[in-house]
2 protein chains.
Amino acid sequence: MATKVYKALSDPTRRKILQLLRERDMNAGEISEYFDSTKPTLSRHFSVLQEADLIQGNRQGNFIIYRLNVTVLEEAMWAMMDMFKLEHRGNDDEK
Amino acid sequence: MATKVYKALSDPTRRKILQLLRERDMNAGEISEYFDSTKPTLSRHFSVLQEADLIQGNRQGNFIIYRLNVTVLEEAMWAMMDMFKLEHRGNDDEK
DNA sequence: TAGTTGTTTAGCTAATTGGCTAATTAGGTT
DNA sequence: AACCTAATTAGCCAATTAGCTAAACAACTA
């Protein structure tokens with residue numbers, strides 16, 4: 001579970017894909033314009049990200065719209081923090 | 001830079017090493033008791049972690065004491081949060 | 001149904017990774 | 001010097017990975 005997420009994040013291309021999707025949903029073709037790699041190559045990156053549940057693809061007619069799973073990414077981060085017992089700077093200091 | 005950190009984190013053995021070192025400094029032999037892998041194998045994990053600057057080894061006589069670079073790990077986490085524009089839940093909300 | 005567009009799957013290759021055993025280095029002891 | 005212990009480096013292997021081209025699939029259009 002966790003390993004899939006870390007592996008997914010370990011590639012620069014995939015991290016940039018996530019960043020792009022942070023801004024807005026995009027279809028595969030749009031995303032590919034930001035990279036030099038071929039579409040098949042990017043397609044495989046998409047599937048890695050999907051297996052880690054970090055993104056989700058929805059076919060809309062001819063296109064497949066990819067969407068970032070923000071909450072999954074967020075929770076992965078918090079899990080990381082917990083795993084290493086790092087300070088959350090949590091906002092539970094009200095009162 | 002970032003990629004090295006992510007790659008280092010992408011292996012379960014290495015993550016467990018970091019967790020162990022979160023508790024206290026340990027030498028290579030001590031660490032190896034927590035794993036089934038051979039010492040050479042673990043040694044290479046150490047060097048991966050060192051190249052990512054996540055841990056640091058200091059020879060003390062016959063032993064090499066490994067220490068976690070907490071701040072590097074922490075900063076890597078924050079960089080990650082920034083990269084994906086996630087909420088920091090920062091405690092900068094005081095009035 | 002035949003064609004077109006968007007995307008993925010199949011199949012290949014080169015590079016990287018994680019594991020092993022055997023050999024080497026570093027330091028301390030006798 | 002000879003020896004012992006702790007750890008790393010060297011060298012090998014099997015599995016994984018990221019890239020490519022070519023082929024296939026899915027959905028729409030004429």
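Each chain gets a letter, A, B and so on, in the order the sequences are listed, and its residues count up from 1. From a predicted model like this one, the values you see are computed outputs, not experimental measurements.
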Exercise. A/Met81 versus B/Trp78: any side-chain heavy-atom pair under 4.5 Å?
Worked result: yes
Strictly under 3.5 Å: I want the nitrogen or oxygen pairs between protein and nucleotides 27-30 of chain D, one per line.
none

For this session: Using the test side chain to side chain donor-acceptor pair (under 3.5 Å), find all partners of B/Ser37 that sit at least two apart in sequence or belong to another chain.
Result: none
For this session: Flag the pair B/Leu20 / B/Phe35 as yes when at least one side-chain heavy-atom distance between them is below 4.5 Å, and no otherwise.
Result: yes
Problem set entry | Sorted by number, the residues of residues 27-37 of chain A with heavy-atom contact under 4.0 Å to DNA chain C | A/Asn27, A/Ala28, A/Gly29
For this session: Rounded to the nearest angstrom, tell me the gap between atom NZ in B/Lys39 and atom P in D/dA6.
Result: 6 Å
Exercise. Which pairs, with at least one residue in residues 58-68 of chain A and sequence neighbours excluded, count as a side-chain hydrogen bond (donor to acceptor under 3.5 Å, both in side chains)?
Worked result: A/Gln56-A/Arg67
For this session: With sequence neighbours excluded, give me every salt bridge (Lys or Arg N to Asp or Glu O under 4.0 Å) pair touching residues 19-34 of chain A.
Result: A/Glu23-B/Lys85, A/Arg24-A/Glu30
Problem set entry | Near-strand residues of residues 45-54 of chain B, defined as heavy-atom separation under 4.0 angstrom from DNA chain C | B/His45
Exercise. How far apart are the closest heavy atoms of B/Asp53 and B/Asn69, and which atoms are they?
Worked result: O-ND2, 2.9 Å
For this session: Determine the minimum heavy-atom distance between A/Ala8 and A/Leu49, stating which atoms define it.
Result: CB-CD2, 4.1 Å
Seminar exercise, completed: Heavy-atom closest pair (B/Val5 atom, B/Ala76 atom, distance to 0.1 Å) is CG1-CB, 3.9 Å
For this session: Would you mind reporting whether B/Leu68 and B/Ile55 have side-chain heavy atoms less than 4.5 Å apart?
Result: yes
For this session: Could you state whether A/Ile65 and A/Ile31 fall into the same hydrophobic cluster, counting links through intermediate Ile, Leu, Val, Met, Phe, Trp or Tyr residues with side-chain heavy atoms under 4.5 angstrom apart?
Result: no
Seminar exercise, completed: Residues passing the side chain to side chain contact (heavy atoms under 4.5 Å, CB included) test with B/Ala2, sequence neighbours excluded, are A/Arg15, B/Tyr6
Exercise. Sequence neighbours excluded, which residues qualify as side chain to side chain donor-acceptor pair (under 3.5 Å) partners of B/Lys16?
Worked result: none
Side-chain donor-acceptor pairs of residues 39-48 of chain A under 3.5 Å, sequence neighbours excluded:
residue	atom	partner	partner atom	Å
A/Thr41	OG1	A/Thr38	OG1	3.1
A/His45	ND1	A/Arg14	NH1	3.1
A/Ser47	OG	A/Arg44	O	3.0

For this session: Check every nucleotide of DNA chain C for an atom under 4.0 Å from a heavy-atom of chain B, then give the first and the last such nucleotide from 5' to 3'.
Result: C/dT17 to C/dG28
Exercise. B/Arg44 has an atom CZ; how far is it from atom C1' of D/dC12, in whole Å?
Worked result: 11 Å
Problem set entry | Check: A/Gly57 main-chain N/O paired with A/Gln50 side-chain donor or acceptor under 3.5 Å | yes
Problem set entry | Rounded interatomic separation in angstrom, taking CD1 from A/Ile17 and P from D/dA18 | 11 Å
Exercise. Can you name the side chain to side chain contact (heavy atoms under 4.5 Å, CB included) partners of B/Glu75, sequence neighbours left out?
Worked result: none
For this session: Go through residues 4-14 of chain B and report each residue with a non-hydrogen atom lying under 4.0 Å from DNA chain C, sorted by number.
Result: B/Lys7, B/Asp11, B/Arg14
